[in-house]
Amino acid sequence: MTDRYDHDAIELKWQKKWEDAHCFEAKDDFSLPKFYPLIEFPYPSGAGLHVGHPRSNTALDIIARKRRMEGFNVLYPIGYDAFGLPTENYAIKTGRQPELVTAENIARFRTQLKRLGFSFDWSREVNTTDPAYYKWTQWIFLKLYEHGLAYKAEIPINFCTSCKVGLANEEVVDGVCERCGGPVIQKVRSQWMLKITAYAQRLIDDLDTVDFIDRVKTQQINWIGRSEGAEVDFRIKGVEDTLTVFTTRADTLFGATYMVMSPEHPLLAKWAGSIQNIAEVKAYQAASARKSDFERSELSKEKTGVPLAGILAINPINGETIPVWISDYVLMSYGTGAIMAVPGHDARDWEFAKKFHLPIVEVVAGGDVQKEAYTDCGTGVMVNSGFMTGLQVEEAIEAAKAYLEEKGIGRRKVNYKLRDWVFTRQRYWGEPIPLVNCPACGWVPLPYEQLPLELPHIENYQPSDDGSSALSRAVDWIHTTCPKCGGPAEREADTMPNWAGSSWYFLRYADPHNDSCLASPEKLRYWTPVDWYNGGMEHTTLHLLYSRFWHKFLYDIGVVPTPEPYQKRTSHGMILGENGDKMSKSRNNVINPDDIVRELGADSFRLYEMFMGAFDQPIPWSNSGAQGCRRFLDRVWRLQDMLTDGEGIRPAMQPAVHAAIKKVSEDYERMKYNTAIAAMMSLVNDFYAKGDVTKAELHTLLTLLSPVAPHICEEMNERLGYAIPMYITPWPAWDPNALVKDTIEYGVQVNGKVRARLALPAGLPTAEIEKQALAQADVLPYLEGKAVRKVIVVKNIINIVAG
RNA sequence: GCGGCUGUGGUGGAAUUGGCAUACACAACGGACUUAAAAUCCGUCGGGGAAACCUUGAGGGUUCGAGUCCCUCCAGCCGCACCA
């Protein structure tokens, strides 16, 4: 037999066998125990599969295969998230239709994924750009609209000057476009919004009911940004109006020495006639409008602002008259767009007050408010605060809230940083929004039976510089009749963001060909929720949050049976280039999976991706590491030459084999793939040390290894003469008795340092163990002239305390 | 600034959750086989060295015993960031 196995022949042979046998197709037999693992469906980019995809795919393929071997009915599906900018940009660049490009990219991805031998149920493939699929994306949108969760708003949005498209807050990273890195400016535009904020509290609370890794939970909680506080109404002199602020520190009301409004605050227009320096105010507003949010915070070192001359507020807690300013350090998008400024106890207010010589009043003792704001409130005691003086901060917050409510000048309020989801894009390659704007009836939804509203073919789908939608040029399509009154009307020309199709795709897998509902209730009841979802951390505040929101909505309207979509969420670390940098074309450090598969085979590739390091950590790629994994599989292959006639697992091999079963079984479940593989390598080393292996011993190894390297294991299993293919071979159990050793190797310590090793038969009385340890020749010199105070025997450690 | 994560050989990383630090690999080196190379097999491989001893980013603490727990720093990565 040759030293190296022929990976191409073996892998292609088994991939064909699996496909012909349809053995990985999930069965809609509701009497079986089910398991639904899910990986994030890929975006089929023109670059082909990235080495990052197989990391997640292999990890859950291992779990999926193991579950089948344990008797579960497994649904491990795959699909394509194919709408979106990169495809459209690529199509524009090459002058080809996006649907053609998409079809090609999907075909390439499918070939690449199949070549890696994932046990996907290919009969359930979904594609978000398929009208039969986006029919239901549109259907969900209409349901959201029907329930008042989709609304049109004239708001300043983030606009990427390079992609020429509006972006959600989540898509703006460091002031630039997440996708292309282009500068993002604010543009006021009429947009469809989804009221995700209505679900803010439930999105936090229900994290308690699911098994997500802590990083994901904390990141979502921080993103939603709940804070408890109070709204306080300030009377404004001169305009007979009220200005409401939000504060988490109602205790500091006595320290509020001025107020600040955001330059965009709507009351400013109303008060314009009474503002004596209105020209100056307008100039400041105009200057702020030109800045992006990013510039505003970048310039945070230096605060700017203008006082509203002629406008004065009355602090409701003490009746004092205080000035009102505008400044862009106050954001319209949070709270009420106005604040009460407490410079003594807020760093930003302090900075502003110092610059503009506004009074600073101490209301919590403990710092020096003339030197810096005293924001630490842990043990602080109130001063200069009327009825609150002498209270602890926590008590004062309560007292102040109670006071506000009693006097009717304020109320308890919870605020969230989370903002509603800007749901429209001005690009071509997305789901059309199934709404019609009728001059007589306003916005009218398409009747459900008219779905899908198909994306029209147009010649020129380039985005326009002015930010208007590409579809607005599809004149024949735009002009339609109102479904309600039959009069002439126009379709919505914006499309959905590509987060739309991915917000519910896991539901479609349960029933992908259903044309009468998004998935049948029985199938959803059986298959959902997803049992285990693995994906990237970068989707924590995007896809993961959006899809939880949609799912909760679908639960509320009775479409899905559970309030949460995913029972368990884990995350993989990114694979870096060999030099430790992020892989990118510009850094010239991209590893192409095809090359690795060609050279080493799919099994070695999968094995290395799991062995390279801790699954949840970022890891640099290493070509020689990958070769080492191939070397291991060759070593496994050559075990066939070392077969001996022994029956079953020989007594001498029992501890090693059963320890491996235990280790591998447990480590797969904990996603400790690297140590599971190390354990199998050790077992193989044991076989080599012994010089031979029995059929049963080898078969056990192959069974454990088959989820990671399925092709070579199937081939060897067949050659060993086993009739049952690996993928339905029962997962082995370990025998605890086989792990019990009859001798125990103790480390003998004196005062915590190992001085000797001692092998003793198991089950000796402690007194005897101590006696033996104290008699060790290697130990005696360290006991010279010392009294033995105590001997501690724990597990396989004997510690002699002497002094 | 806030939140999270990480720090162990030349490299990727192990360590049964407080119990013999450096498993398993990669790289390197030596040997066998070969005319030779590749492949393969067998060895060596934290530092220091005659031994003692030292070693998990630094310093302190708890403990019979600390990579692991506590405190104070340092460095790096990621997320959020004028959120009132």
Side-chain angles (χ1 to χ4, degrees), chain A residues 2-4 173-174 214-219 221-223 225-227 229 245-249 252 260 262 293-294 296-301 303 327-331 333-342 345-349 351-352 375 415-419 537-538 540-541 573-574 580 608 611-614 616-629 631-632 634-635 638 659 662-663 666 672 674-682 684-685 688-689 745-757 789-803:
Chain A
T2 52
D3 288 343
R4 285 168 68 88
V173 176
D174 288 340
D214 288 341
R215 294 192 282 166
V216 169
K217 284 191 184 183
T218 39
Q219 216 167 295
I221 289 168
N222 291 344
W223 185 262
R226 178 196 157 95
S227 62
V245 301
F246 173 74
T247 179
T248 54
R249 293 292 304 273
T252 61
V260 188
S262 164
D293 265 353
F294 182 61
R296 279 197 189 187
S297 53
E298 268 301 272
L299 299 169
S300 65
K301 280 128 213 145
K303 297 245 183 311
S327 171
D328 60 13
Y329 84 90
V330 174
L331 306 176
S333 50
Y334 184 75
T336 64
I339 61 158
M340 63 175 208
V342 185
H345 305 283
D346 181 284
R348 297 151 301 177
D349 297 345
E351 210 185 305
F352 192 82
T375 55
N415 256 331
Y416 301 91
K417 287 191 226 172
L418 185 70
R419 304 183 201 168
M537 278 308 288
E538 70 275 16
T540 302
T541 53
M574 206 193 319
Y608 176 61
F611 182 63
M612 62 196 303
D616 57 353
Q617 297 301 123
I619 306 286
W621 180 271
S622 157
N623 272 324
S624 51
Q627 267 152 19
C629 284
R631 202 139 55 212
F632 168 68
D634 283 324
R635 229 164 122 77
R638 286 192 302 271
K662 180 174 194 287
K663 180 80 178 150
E666 291 173 350
K672 299 272 186 185
N674 53 337
T675 50
I677 292 163
M680 290 185 279
M681 288 173 169
S682 290
V684 170
N685 289 345
Y688 271 81
E745 297 267 349
Y746 288 97
V748 185
Q749 303 178 332
V750 178
N751 292 333
K753 295 211 163 164
V754 180
R755 301 299 182 186
R757 277 160 223 290
R789 297 224 179 109
K790 196 160 42 155
V791 180
I792 293 159
V793 179
V794 186
K795 297 187 186 176
N796 52 355
I797 289 289
I798 304 166
N799 192 11
I800 301 165
V801 187

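Worth knowing before you read on, the calculation uses all heavy atoms, side chains too, and leaves out hydrogens, waters and symmetry mates. Here is how names work: the chains are called A, B, and so on, in the same order as the sequence lines, proteins then strands, and each is numbered from 1. A quick note: this is a predicted structure, and the numbers were derived from the prediction, not measured.
- Using a 90° window around 0 for the glycosidic torsion, B/G60 falls outside it and is classed as anti.
- Taking each heavy atom of A/Tyr334 and A/Phe246 in turn, the nearest pair found is OH-CE2, 3.9 Å.
- Within the shown strands, B/C64 is the pairing partner of B/G19 under the Watson-Crick or G-U definition, both distances less than 3.5 Å.
- What separates CE of A/Met612 from P of B/U11 is a distance of 17 Å, to the nearest Å.
- Atom CE of A/Met574 has 12 or fewer neighbouring heavy atoms from other residues, nucleotides or ligands inside a 6.0 Å radius.
- Rounding to whole angstrom units, CD of residue A/Gln617 and P of B/A14 are separated by 8 Å.
- Rounded to whole Å, the separation between the P atoms of B/G13 and B/G61 comes to 32 Å.
- Among the atoms of the strands shown, none is found under 4.0 Å from any heavy atom of A/Thr540.
- The P atoms of B/A51 and B/G47 are separated by 14 Å, rounded to the nearest whole Å.
- Nucleotide B/C2 forms a Watson-Crick or G-U wobble pair with B/G79, both donor-acceptor distances falling under 3.5 Å.
- A/Gln627 comes within 4.0 angstrom of nothing in the nucleic acid, heavy atoms only.
- Closest to the A/Ser624 side chain, of the nucleotides B/C26, B/C82, B/G19, is B/C26.
- As judged by a 4.0 angstrom heavy-atom cut-off over every strand, A/Gly225 is placed among residues making no nucleic acid contact.
- Not one N or O on the side chain of A/Asn415 forms a donor-acceptor pair closer than 3.5 Å with the backbone of A/Ser227.
- Atoms CD1 (A/Ile619) and P (B/U11) sit 14 Å apart, rounded to a whole Å.
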Which pairs would a plain distance check flag for residues 619-627 of chain A, meaning a side-chain donor or acceptor within less than 3.5 Å of a matching protein atom at least two apart in sequence or in another chain?
| unit_1 | atom_1 | unit_2 | atom_2 | d |
| --- | --- | --- | --- | --- |
| A/Trp621 | NE1 | A/Asn623 | OD1 | 3.0 |
| A/Ser622 | OG | A/Ser624 | OG | 3.3 |
| A/Ser622 | OG | A/Gly625 | N | 2.9 |
| A/Asn623 | ND2 | A/Glu578 | OE1 | 3.4 |
| A/Gln627 | NE2 | A/Glu599 | OE2 | 3.2 |

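- A/Asp616 has its CG atom 17 Å from the P atom of B/G79, to the nearest Å.
- Relative ring orientation between A/Phe352 and A/Tyr329 is described as tilted, the plane-to-plane angle lying within the 30° to 60° band.
- With distances taken from any side-chain atom of A/Val801 to the nucleotides B/C82, B/C41, B/C64, the minimum falls on B/C64.
- Position along RNA chain B of the nearest nucleotide to A/Asn685 versus A/Pro620 favours A/Pro620 as the more 5'-ward residue.
- Proximity note for A/Asn222 (side chain, C-beta onward) versus B/G19, B/G3, B/A84: the nearest is B/G3.
- Applying the 90° cutoff around 0 to the glycosidic angle, B/U17 is assigned syn.
- Annotation: side chain of A/Asp616 is in contact with side chain of A/Arg215 (closest heavy-atom distance under 4.5 Å).
- Taking the P atoms as reference points, B/G59 lies 13 Å from B/U68, given to the whole Å.
- Mapping A/Asn751 and A/Asn415 onto RNA chain B via the closest heavy atom, the residue that lands nearer the 5' end is A/Asn751.
- In this structure the side chain of A/Met340 never reaches within 4.5 angstrom of the side chain of A/Asp349, judged on heavy atoms.
- A/Asn799 has no side-chain polar atom (N or O) that falls below the 4.0 Å cut-off from OP1 or OP2 of B/G19.
- Between the C1' atom of B/C78 and the CD atom of A/Gln219 lies a distance of 8 Å, rounded to the nearest Å.
- Distance from the side chain of A/Ile792 is smallest to B/G19 among B/C82, B/C24, B/G19.
- Out of B/C24, B/C82, B/A84, the shortest distance to the side chain of A/Tyr329 is found at B/C82.
- No contact: A/Phe632 has no heavy atom under 4.0 Å from any strand.
- Computed from coordinates, the A/Tyr688 OH to B/C42 C1' distance equals 13 Å when rounded to whole Å.
- One finds a side-chain N or O of A/Arg638 lying less than 4.0 angstrom from the OP1 or OP2 phosphate oxygen of B/C41.
- Between B/A27 and A/Arg631, a contact under 4.0 Å exists linking OP1 or OP2 to a side-chain N or O.
- Rounded to a whole angstrom, the distance from the C1' atom of B/A21 to that of B/G31 is 30 Å.
- Across all their heavy atoms, A/Gln219 and A/Thr541 have their closest contact at O-CG2, 4.2 Å.
- Contact annotation for A/Ala614: backbone-only contact, meaning every heavy-atom pair under 4.0 Å involves sugar-phosphate atoms and none involves a base.
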Write down the protein N/O and nucleotide N/O pairs, taken from nucleotides 46-55 of chain B, whose separation is under 3.5 Å; answer none if there are no such pairs.
| unit_1 | atom_1 | unit_2 | atom_2 | d |
| --- | --- | --- | --- | --- |
| B/C54 | OP2 | A/Lys753 | NZ | 3.3 |

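- A/Tyr688 has its side chain within reach of A/Arg638: a pair of non-hydrogen atoms, C-beta onward, lies under 4.5 Å apart.
- At a cut-off of 3.5 angstrom, counting only N and O atoms as typed in the model, there is no donor on one side facing an acceptor on the other between the side-chain of A/Lys417 and the base of B/C80.
- Proximity of A/Ser227 to the phosphate of B/A84: a side-chain N or O atom is located under 4.0 Å from OP1 or OP2.
- One C1' atom belongs to B/C29, the other to B/U17, and the distance between them is 37 Å to the nearest Å.
- Rounding to whole angstrom units, NZ of residue A/Lys795 and P of B/C64 are separated by 18 Å.
- Looking at A/Asn751 and A/Val801, their side chains come closer than 4.5 Å, going by heavy atoms from C-beta outward.
- The A/Arg215 side chain lies nearest to B/G4 when the options are B/U40, B/G12, B/G4.
- Atom CE of A/Met681 is separated from atom P of B/G12 by 17 Å (rounded to the nearest Å).
- Annotation: B/G9 and B/G79 have their P atoms spaced 27 Å apart (nearest Å).
- Only the C1' atoms considered, B/U63 is 12 Å distant from B/G19, to the nearest whole Å.
- Taking atom C1' in both B/C45 and B/A52, one finds a spacing of 23 Å when rounded to whole Å.
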